[in-house]
Amino acid sequence: MDCTEKILGLATWGAKKGVGTHLTLELGEEWLTSRNYVRGKWSIWVAGAPWRIISEGSLIEGSDSEHICSEKIGILNNRELEKLKIGHPAYDAVFEFSGNVRLEVFMTSSDGTGELIVMSKNDAYSLNGNGKIEHESS
């Protein structure tokens, strides 16, 4: 994703489960939206795509858990994003954080139902299951 250099090195906070298996994570300095939501300089949204959190080689939490635990998702907080890899041909995304913690997102559906969005106040980058990366600026 073209935003990789912009998000590397930023501190993470606000990791939480959204509706269903959706996952959100904030990076960098806080700012207040026009709707009075506090967001990070960048946000990561995983919508409808399978994901899992790995620490020290062990599964911590995943979208396939019967009851996704918000406390376990919190392991993503207070870490520095060190690397982002987009694989081919499956277009899976791996976010590597300090402390040997990874967020793996599986863009396995070719029908485009899953989506990974990395967005800031002015830019949004999205990756869907067919491998198409889109960029929008406001």
Side-chain angles (χ1 to χ4, degrees):
M1 299 183 103
D2 292 10
C3 61
T4 302
E5 290 182 13
K6 298 174 185 177
I7 64 175
L8 290 180
L10 294 179
T12 58
W13 58 277
K16 64 184 174 186
K17 175 189 172 301
V19 176
T21 61
H22 291 11
L23 179 70
T24 62
L25 177 63
E26 306 298 329
L27 294 98
E29 296 176 15
E30 295 180 3
W31 65 280
L32 190 62
T33 70
S34 60
R35 295 185 179 167
N36 291 321
Y37 294 115
V38 177
R39 295 275 186 236
K41 182 174 183 177
W42 288 88
S43 300
I44 298 171
W45 294 358
V46 181
W51 55 266
R52 66 181 173 199
I53 300 167
I54 306 289
S55 177
E56 301 288 331
S58 297
L59 177 65
I60 301 300
E61 187 61 279
S63 59
D64 61 348
S65 297
E66 188 173 323
H67 301 287
I68 298 172
C69 178
S70 295
E71 291 172 357
K72 290 181 180 179
I73 292 171
I75 195 170
L76 294 172
N77 290 325
N78 303 312
R79 301 196 180 271
E80 182 178 304
L81 180 60
E82 296 178 338
K83 190 183 288 185
L84 168 58
K85 297 187 284 189
I86 306 292
H88 298 283
Y91 300 103
D92 295 338
V94 179
F95 295 84
E96 295 183 7
F97 301 95
S98 58
N100 201 18
V101 173
R102 293 190 325 263
L103 169 62
E104 300 174 347
V105 181
F106 304 98
M107 307 304 295
T108 55
S109 77
S110 60
D111 65 2
T113 56
E115 191 168 29
L116 168 65
I117 303 170
V118 179
M119 62 183 285
S120 71
K121 190 183 221 181
N122 301 313
D123 291 290
Y125 298 85
S126 63
L127 172 67
N128 61 30
N130 63 18
K132 186 175 182 183
I133 296 176
E134 297 180 353
H135 174 243
E136 292 182 23
S137 290
S138 58

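What you see below is based on every heavy atom in this structure, not just the backbone, and it leaves out hydrogens, waters and symmetry mates. Since we're looking at a predicted model, the values are computed, not measured.
Taken from CG in Leu25 to CZ in Arg79, the straight-line distance is 11.5 Å, to the nearest 0.5 Å. Of the inter-residue distances, the one linking Ile117 atom CD1 with Glu136 atom CD reads 9.0 Å to the nearest 0.5 angstrom. Atom CZ of Phe95 is separated from atom CD1 of Ile86 by 6.5 Å, given to the nearest 0.5 angstrom. Once rounded to the nearest 0.5 Å, the distance linking CG of Leu8 with CH2 of Trp42 reads 11.0 Å. We find the CD1-CG distance between Ile44 and Leu81 to be 6.0 Å, quoted to the nearest 0.5 Å. A distance of 9.0 Å separates CG of Asn100 from CD of Glu82, quoted to the nearest 0.5 Å.
Linking ILVMFWY side-chain heavy atoms closer than 4.5 Å, directly or via other members, places Ile60 and Val94 in two distinct hydrophobic clusters. By the criterion of side-chain heavy atoms lying less than 4.5 angstrom apart, applied directly or through intervening Ile, Leu, Val, Met, Phe, Trp or Tyr residues, Leu23 is not grouped with Val38; the two fall into different hydrophobic clusters.
For the pair Val118 and Cys3, the tightest heavy-atom approach, listed with the atom from each and the gap, is CG1-SG, 3.7 Å. Residues Ala49 and Met107 come closest through the heavy atom pair CB-SD, 3.8 Å. Taking both residues in full, the closest heavy atoms of Ile68 and Gly62 are given as CG1-O, 3.8 Å, listed atom of the first, atom of the second, then distance. The two residues Gly20 and Lys17 come nearest to each other via the heavy atoms O-NZ, 2.9 Å. The shortest non-hydrogen separation linking Gly28 to Leu10 is N-CB, 4.0 Å. Here the closest non-hydrogen pair linking Arg39 and Thr33 is CG-CG2, 3.6 Å.
More than 12 heavy-atom neighbours from other residues, nucleotides or ligands sit within 6.0 angstrom of CH2 on Trp13. The environment of NZ in Lys6 is crowded: more than 12 heavy-atom neighbours from other residues, nucleotides or ligands sit within 6.0 Å. Atom CD of Glu80 is surrounded by more than 12 heavy atoms from other residues, nucleotides or ligands within 6.0 Å.
For Ser120 (side chain) and Asn122 (main-chain N/O), a donor-acceptor pair under 3.5 Å exists by modelled atom type. Judged by distance alone, the side chain of Ser63 and the main-chain N or O of Trp51 form a donor-acceptor pair under 3.5 Å.
For Arg35 and Tyr37, the positive end is not near the middle of the six-membered ring at less than 6.0 Å and at most 45° from its axis. Figure legend: cation-pi geometry between Lys121 and Trp31, with NZ or CZ positioned under 6.0 Å from the six-membered ring centre and within 45° of its axis.
A search for salt bridge (charged side-chain N to carboxylate O under 4.0 Å, His left out) contacts involving Glu61 returns nothing, not counting sequence neighbours. For the side chain to side chain donor-acceptor pair (under 3.5 Å) test, no residue two or more places apart in sequence or in another chain qualifies with Ser55.
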List, one per line, each side-chain donor-acceptor pair under 3.5 Å for residues 71-78, sequence neighbours excluded.
| from | atom 1 | to | atom 2 | distance (Å) |
| --- | --- | --- | --- | --- |
| Asn77 | OD1 | Gly14 | N | 3.0 |
| Asn77 | OD1 | Ala15 | N | 2.9 |

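The existence of a salt bridge linking Glu104 and Arg52 is confirmed by a sub-4.0 Å separation between a basic side-chain nitrogen and an acidic carboxylate oxygen.
Side-chain contact between Trp45 and Met119 is present, with at least one heavy-atom pair separated by less than 4.5 Å. Proximity of His22 to Val46: side-chain heavy atoms (C-beta onward) are nowhere separated by under 4.5 Å.
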